[in-house]
Amino acid sequence: MVILLLVWEAIGASGLVDPLFISSPTGVARAAWQLSQRRDFWTDLQVSATEFMLGYGAALAVAIPLGLALGLSKRLQYLIGPFVDTLNAVPRVTLLPLIIIWCGIGIWSKVVVVFLGAVIPILINAQSGVKASEARFIRVARSFSASRFKIFSSIILPGVVPFIFTGAKYGAGRALLGVVVGELYASTAGLGHLIADAGNTFQTDVVFVGALLFMAAGLIVVALLDVFEQRFERWRPSPR
Amino acid sequence: MPAAVRAYLAHERVILGTLMVLLLLIAWEGLERGWWADALRPLLGDSAQRLRLKPIFISSPTLIAAAAFRMFFVTGEIWRDLAWSSAGYLLGLVLAVAIGIPLGLAGGWYRRLSYAVQPFLAALNATPQVAFLPLIIIWVGTGLSERVLIIFLLAVLPLAINAHAAVRTTDPRLIKVAGSFGASEWQLFRTIILPSSVPFLLAGLRLAIGRGMIGVVVGEIYGSAAGLGAMINQAGARFQTDRVFVGVLTIVAAGVILVEVVQRIERRVEIWRTPA
Amino acid sequence: MRLTKFSVAAVALGLVLEAAGVPAQSTDAIPFKIGISAPVVTIFPVWMGEAGGFYEKEGLKVEVINMEGGTRGLQVLLSGEIQAMHVGLAPAVLANKQGADLRLVTSTCNTIPITMFTKPGIGVGDLKGKTFGISTFGSETDVAISILLKQLGLTRSDVTVSQIGGSSQRFGALIAGRIDVAPLIEPAITLAKERGFNPITDLAAAKTPWIFDSVVVSNSYLKANRATLTRFVKAYVAGAYLALADEAKAKEVIAQKFKTSDPKVIAATYDDFKRLMPRDAAPSREGAENVLAQLEAIGTDIGSRNPADYLDLSIIEALKQEGYFAQLDKIYPMKP
């Protein structure tokens with residue numbers, strides 16, 4: 001990692017490659033510092049964060065109960081399954097031109113894209129989690145004549161949680177992708193808007209700052225989910 | 001009638017699924033044609049008019065079908081876009097396979113390499129790779145290479161990560177046994193690692209296919225001489241919602257077909273693996 | 001159940017963040033949002049209405065949002081997020097063809113104010129294979145490029161057309177070398193000339209009848225909110241008259257809004273505004289006819305060919321009858 005940074009700096013400083021194209025770590029750091037002094041940079045950051053949290057939060061709130069329900073009820077799955085499969089096959093960003101007509105250019109169009117991106121993987125994972133734990137434990141529980149609610153709360157739910165976390169992590173990636181593409185496509189503010197503008201005017205260092213911020217956001221979200229998951233693991237009754 | 005009930009239960013999945021899809025299509029068509037607005041008028045009065053939506057907002061199944069028919073068989077304009085996007089897509093995907101799989105396998109096999117490569121893979125995987133699009137445009141402009149690069153970037157990670165995981169999860173006992181029989185590293189790799197990796201690699205390929213489709217759309221976001229993504233974009237800007245849907249559905253169809261092909265191969269591999 | 005709590009917390013946090021970002025609104029003024037396609041000379045009255053305090057006087061709280069593209073702005077107008085969009089006739093024709101019902105109620109420019117610039121060394125003859133920057137597909141700049149290509153005997157597939165954004169974005173991209181050809185509007189025209197870029201065609205000099213930038217609303221909004229819209233138009237026209245009469249004030253606003261201190265750029269922008277702005281702020285019928293004819297000529301499928309299906313002069317006509325323009329003439333006498 002250190003080596004990479006040094007090589008990058010060396011190439012940037014040597015003038016072998018136009019700094020316009022690759023900038024350099026110090027150049028990027030300088031740009032980051034300059035950006036942090038600008039008020040609209042913080043607005044951009046706030047707008048992107050809001051879009052992510054609203055869209056992703058809504059996706060969690062919808063996908064987890066719906067995924068559990070789909071996993072539990074075969075009929076419901078027959079009814080809704082085709083739509084989930086179809087939506088899963090659609091790269092959701094293709095719907096952007098329509099979402100702009102429906103929701104405008106403000107944060108809501110991005111919230112919708114983020115939601116659509118994240119909801120499907122979480123839903124599918126929750127659903128397959130129910131199926132997997134069902135197959136493993138339910139027959140045993142039934143033979144001990146446990147009630148339906150008891151089966152759900154003490155057997156299925158704990159077994160599903162790791163699946164939900166897997167889905168949530170994957171969904172977080174999709175949600176961030178939605179923020180970037182949505183803002184590149186049409187926005188009046190946001191980090192994606194910042195890097196699109198910087199890209200059009202060849203401010204390579206600013207683009208790097210934006211891309212690195214998105215990278216940091218992705219890593220932080222995954223790390224947070226990991227922490228939650230570990231907490232949960234500790235709480236969870238050992239299956240053995 | 002138990003016979004009818006039995007027949008229903010046997011095909012419940014198909015019946016319910018089809019029913020729902022039909023209902024949705026009818027509801028959609030009805031919104032555009034104003035069926036619901038007219039039907040609910042006595043109940044809701046003038047506010048029922050809100051249920052009559054202009055085609056510019058949602059189009060309708062029949063409008064989309066008509067537009068698709070026109071674009072595929074009358075003017076044939078979409079074939080050019082399809083060919084244009086396919087070229088970039090296939091190049092990007094092939095490049096991702098050619099680089100991602102060997103890199104992942106090598107990273108899984110050589111511990112030192114893994115230490116060097118793993119952090120990059122993890123960081124890149126957590127990043128929405130499209131954030132690099134403005135950089136790619138600065139580097140190579142907005143031509144074919146830009147589209148190939150963004151598709152490559154999106155598709156390479158699931159391939160590399162799955163290849164890496166495949167080597168790591170190979171049964172260590174098998175390697176030990178083979179090693180004690182004096183198998184060379186290359187023999188180990190070819191006879192044990194590679195065959196046991198195939199299902200992982202195919203699963204990675206399935207993911208990569210979907211990711212690459214995003215690249216087709218995003219790569220053409222700023223405009224391109226042709227291509228499905230550009231077509232969707234332009235139709236959107238010209239308020240031609242039916243054409244937007246035709247483009248989206250074409251991409252979906254292409255993705256579904258490719259994934260189906262990979263799944264067929266997976267099943268073949270399964271059959272071939274079981275006796276071993 | 002931790003997860004639900006987590007998601008609730010995330011949503012709540014998002015809402016708090018959002019609330020923090022929205023400035024408090026005064027309760028009595030009517031909110032009115034208008035989109036602009038780019039900060040260019042032809043939207044100047046929108047800003048002058050603000051600078052002259054006319055919106056407040058009419059009891060409006062106007063918010064101006066830059067959409068960086070005409071068609072995109074109309075999409076947003078259709079979504080209901082804004083009440084009006086400042087854009088030309090061409091994108092409105094495309095929208096109406098697809099079932100929208102939009103009307104132009106004013107105009108700030110009944111001709112094409114565009115000059116095409118290229119990087120130094122690229123002439124009119126070398127445009128094949130070059131990259132053109134436009135705001136969004138279907139917008140005025142897109143149409144202008146189609147017309148230019150047709151004049152040169154080229155087609156769209158001979159060149160690459162890239163969506164870059166408003167005039168200043170296109171100028172930035174031209175400087176950076178991201179695009180080879182950029183249609184520009186003041187103040188970017190003067191800046192581009194100063195920087196040595198090559199003006200290959202001056203569409204403004206041709207004095208082509210057109211409707212390049214105007215207040216566009218949906219017909220249903222016009223019918224339901226005629227009073228509010230009339231207030232907006234009154235403030236906006238007053239802004240234009242103030243700008244025409246008070247050169248110093250206008251130039252001050254130009255310097256502030258276009259973020260320039262170059263007196264040459266400010267003067268050129270002001271002169272362009274004076275030249276372009278129709279004194280009755282009305283969209284021209286002749287311009288509408290030509291836009292429709294040109295759109296058809298470049299192979300665009302248009303709906304109605306009747307200008308009356310796109311223009312609604314009733315607000316301007318009513319103001320004329322009321323003597324509003326005569327009144328403004330008295331308050332803001334123009335130097336001969």
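Basis for what follows: all heavy atoms, side chains included, without hydrogens, waters or symmetry-related copies. Convention: sequence-line order gives letters A, B, ...; per-chain numbering from 1.
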So, using ring pair (Phe, Tyr, Trp, His ring centres under 6.0 Å) as the criterion, who are the partners of A:Phe52 when residues are at least two apart?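 Ring pair (Phe, Tyr, Trp, His ring centres under 6.0 Å) check on A:Phe52 returns A:Tyr56.
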Taking the side chain from C:Glu81 and the backbone from A:Ile105, do they hold a donor-acceptor pair closer than 3.5 Å?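 Looks like yes, one N/O pair under 3.5 Å.
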Between C:Ser79 and A:Gly104 (side chain of the first, backbone of the second, donor and acceptor by atom type, cut-off under 3.5 Å), is there such a pair?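 The answer is yes, because a donor-acceptor pair under 3.5 Å joins these two groups.
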Among A:Ile100, A:Val47, A:Ile101, single out the residue with the greatest number of heavy-atom pairs under 4.5 Å to chain C.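 Greatest number of close heavy-atom pairs with chain C: A:Ile101.
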Test salt bridge (Lys or Arg N to Asp or Glu O under 4.0 Å) applied to A:Arg38 - qualifying residues, sequence neighbours left out: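 Listed in chain order: A:Asp40.
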Heavy-atom contact with chain A under 4.5 Å, split by part of C:Ile164: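 Contact with chain A: backbone and side chain both.
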Interface residues of residues 69-77 of chain C facing chain A - heavy atom cut-off under 4.5 Å: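 Residues C:Arg72, C:Gln75, C:Val76 are the ones that qualify, each having a heavy atom under 4.5 Å from chain A.
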Closest non-hydrogen atom pair, A:Thr188 against C:Asn66: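 It is CG2-O, 3.3 Å.
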Could you give all pairs that pass the salt bridge (charged side-chain N to carboxylate O under 4.0 Å, His left out) test and reach residues 166-180 of chain C, with sequence neighbours left out?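 The answer is C:Lys119-C:Asp180.
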